[in-house]
Amino acid sequence: MSLHKEQQIKIYNTLSGKKETFTPIEPGHIGMYVCGPTVYSNVHLGNVRTFMSFDMVFRYFKHLGYKVRYVRNITDAGHLENDADAGEDKITKKARLESIEPMEVVQRYTVDFHNTLNTFNFLPPSIEPTATGHIIEQIELVKKIIANGFGYEVNGSVYFDVHKFNESYTYGILSKRKLEDLIHNTRALDGQSDKKNPQDFALWKKAEPQHIMRWPSPWSDGFPGWHLECTTMSTKYLGEHFDIHGGGMDLKFPHHECEIAQNEAAVGRSPVNFWMHANMLELNGQRMSKTTGNIINPAELLSGKNDIMSKAYSPSVIRFFIAQSSYRSILDLTNDGLLSSEKGFLRLMDAINALDELKAGTASTFDIAEWQQRCYDAMNDDFNSPILIANLFEAVKYINQLKEGTATLTAEDLELLKSSMHSFCFDILGLENVGITDSSSEKLAGAVELLIELRQQARANKDFALSDKIRDQLAEKGIQLNDSKEGTTFDVK
RNA sequence: GGCAUCAUGGCCGAGUGGCUAGGCACAGCUCUGCAAAAGCUGCUACAGCGGUUCGAAUCCGCUUGAUGCCUCCA
């Protein structure tokens with residue numbers, strides 16, 4: 001039984017500005033391309049949010065049984081500091097500033113990127129291609145664009161002729177811009193003498209003599225333009241026409257617009273059915289910015305070593321926080337928001353952990369199948385994870401009532417509830433359960449359990465001075481005792 | 001300046017032309033030797049001003065504000 005045949009997904013398509021019913025080009029298969037990072041510095045928390053959104057999309061498709069090819073590139077060359085002729089490649093600049101090889105920069109920050117994503121429990125993409133690994137293909141693409149009359153060479157560099165392109169196609173359909181408006185609003189920049197028009201963009205740049213990253217081409221020893229790699233690699237691995245292309249909102253223009261133009265100029269068709277854009281992450285109501293200091297990186301957030309948050313937050317709490325808002329909304333990262341998410345997340349995990357102890361009854365007082373479909377409906381509606389989470393908390397209520405004995409489920413329904421909770425929380429949202437597993441924690445547990453036993457004896461003897469001393473002093477050390485009818489458990493805060 | 005997106009209760013955040021989001025906080029209750037934890041119950045909003053409509057927070061217009069892009073950015 002293929003789940004994806006039963007669940008009809010709607011996706012907000014930037015191209016149309018509407019939610020559209022999603023139908024893969026090839027039934028049962030999905031091709032998805034997401035613009036990955038330029039590895040010239042440590043991964044930005046905003047990147048994490050964007051990629052996490054698409055990780056969730058990837059996870060959901062997989063859960064539904066689609067065969068997904070998810071391509072997420074690594075930009076390790078070609079990303080210019082700016083569009084002027086003197087614009088320097090970001091990797092090259094970083095290498096120059098630190099007096100190391102460009103490939104050392106690439107290696108260092110690629111490793112950081114992967115480590116961070118692993119920490120946040122990301123699934124690896126199916127293919128993670130690099131720009132430098134596809135120089136030949138990029139050169140071939142430039143040749144094609146020139147042959148079709150949409151590229152021109154000046155002094156060893158090749159530019160895309162946006163004005164010429166706009167005569168046969170429409171430049172700006174994705175970002176809803178008109179070329180005319182762009183012409184009027186383009187600021188004058190120095191050093192653009194090589195281009196016919198300021199709206200043109202580089203397909204190939206001639207390298208200055210001191211430029212280390214360079215490859216031979218018919219036009220010059222140089223390097224490819226930034227937009228080119230995504231067109232090249234998406235075409236190579238997903239074909240000239242594929243299902244979904246994603247990225248951060250800020251890539252909509254010009255990057256994604258240029259990708260469409262390059263594809264149309266090369267093969268005469270728009271490459272992508274669905275364009276998806278994840279919105280920005282703010283910190284305390286303002287965009288993150290290195291210059292103003294309003295910034296926090298993933299490692300600082302996870303370790304608690306920062307001046308912005310009151311404590312460290314686990315990767316799953318951050319994932320949960322992010323999943324509580326829609327990927328298309330601007331999300332404001334705040335300490336209060338994280339604290340509130342953390343409490344909610346722990347309550348959800350408590351409920352899931354309680355599932356295994358529940359006993360089946362002879363009848364069901366909840367319609368679990370209907371509840372499960374509501375969870376699917378939420379995800380089918382443009383991956384609405386906040387609504388999914390609202391439904392998960394409804395299940396928390398069910399679980400608590402089952403625990404209290406005020407509700408019952410048949411064995412079959414109980415099994416469905418368990419498997420659904422696991423699927424939605426862990427497989428789809430990518431959360432990880434909190435549990436005590438390492439050996440030092442086990443030793444701690446042993447010690448605390450001894451104290452719990454001593455406290456129980458004191459309470460039985462009505463020696464409340466002693467029992468309260470044990471409880472309160474443990475609390476001071478961050479160990480909280482939880483009394484219930486079944487006995488006493490503890491949490492490390 | 002241009003283009004685009006958005007403005008929801010104490011806070012965070014969904015959503016819909018008429019009927020409960022959810023989380024956190026808060027209040028009451030249950031439990032408890034007292035607490036804490038946990039559970040249950042309650043809390044009803046949609047920037048401002050016009051318009052369309054039997055009815056709009058939801059559609060349209062204007063105003064105000066925020067954010068993104070227009071120069072590198074997920």
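Every chain is numbered from 1 and lettered A, B, ... according to where its sequence line falls, protein lines coming before strand lines.
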message: Regarding A/K397, tell me which of base, sugar-phosphate or nothing describes its non-hydrogen contacts under 4.0 Å with the strands shown.
response: sugar-phosphate
message: Counting only side-chain nitrogens and oxygens, does A/K343 get under 4.0 Å of the OP1 or OP2 atom of B/A25?
response: yes
message: Can you give me the closest heavy-atom contact between A/P129 and A/Y237, atom names plus distance?
response: CB-CE1, 3.8 Å
message: Counting neighbours of NZ on A/K176 that are heavy atoms of other residues, nucleotides or ligands and sit closer than 6.0 Å, is the number greater than 12?
response: yes
Nucleotide opposite B/C69 in a Watson-Crick or G-U pair, distances under 3.5 Å: B/G2
message: Mind checking if A/G247 touches a base, just sugar-phosphate, or nothing, with heavy atoms under 4.0 Å?
response: sugar-phosphate
field: Pair of N/O donor and acceptor under 3.5 Å linking B/C69 base with A/R177 side chain
entry: yes
- request: Taking atom C1' in both B/G9 and B/U5, compute the distance separating them and give it to the nearest angstrom.
  value: 24 Å
message: Under a 3.5 Å cutoff, is there a donor and acceptor pairing between the side chains of A/N380 and A/Q8?
response: no
task: Answer yes or no: does a side-chain N or O of A/S329 lie under 4.0 Å from OP1 or OP2 of B/A14?
output: yes
- prompt: Using the P atom in both, what is the distance from B/G15 to B/A7, to the nearest Å?
  reply: 10 Å
message: Heavy atoms only, 4.0 Å cut-off, all strands: where does A/L339 land among base, sugar-phosphate and nothing?
response: nothing
- prompt: Which nucleotide in the list B/G33, B/C70, B/A21 gets nearest to the side chain of A/P254?
  reply: B/C70
A/F51 ring over B/A74 six-membered base ring, under 5.5 Å and 30°: no
Side chain of A/L331 (C-beta onward), nearest among B/A74, B/G13, B/G23: B/G13
field: A/N384 (side chain) and B/G22 (base): donor-acceptor pair under 3.5 Å
entry: no
task: Quick one: label A/R328 by what it contacts on the DNA or RNA (base, sugar-phosphate, nothing), any heavy atom closer than 4.0 Å.
output: nothing
message: Is it true that A/T334 and A/N284 share a donor-acceptor pair across their side chains at a distance under 3.5 Å?
response: no
message: For A/H114 and A/F122: C-alpha separation, side-chain torsions, deciding distance, then whether side chain to side chain contact (heavy atoms under 4.5 Å, CB included) applies.
response: CA-CA 9 Å; A/H114 286 146; A/F122 275 66; over 6 Å; no
message: Using a heavy-atom cut-off of 4.0 Å across all strands, would you classify A/L348 as base, sugar-phosphate, or nothing?
response: nothing
task: Looking at every strand, decide which applies to A/F464 at a 4.0 Å heavy-atom threshold: base, sugar-phosphate, or nothing.
output: base
task: Nearest whole angstrom, please: distance from the C1' of B/G15 to the CG of A/L388.
output: 15 Å
- request: Describe the nucleic acid contact of A/E282 in one word from base, sugar-phosphate, nothing, applying a heavy-atom distance below 4.0 Å.
  value: sugar-phosphate
message: Counting distance alone, no hydrogens or angles: does the base of B/C24 have a donor or acceptor under 3.5 Å from a partner atom on the side chain of A/R347?
response: no
message: Quick check: any donor-acceptor pair below 3.5 Å linking the side-chain of A/N400 to the base of B/A38?
response: no
message: At 4.0 Å (heavy atoms only), tell me whether A/D472 reaches a base, stays on the sugar-phosphate, or touches nothing.
response: nothing
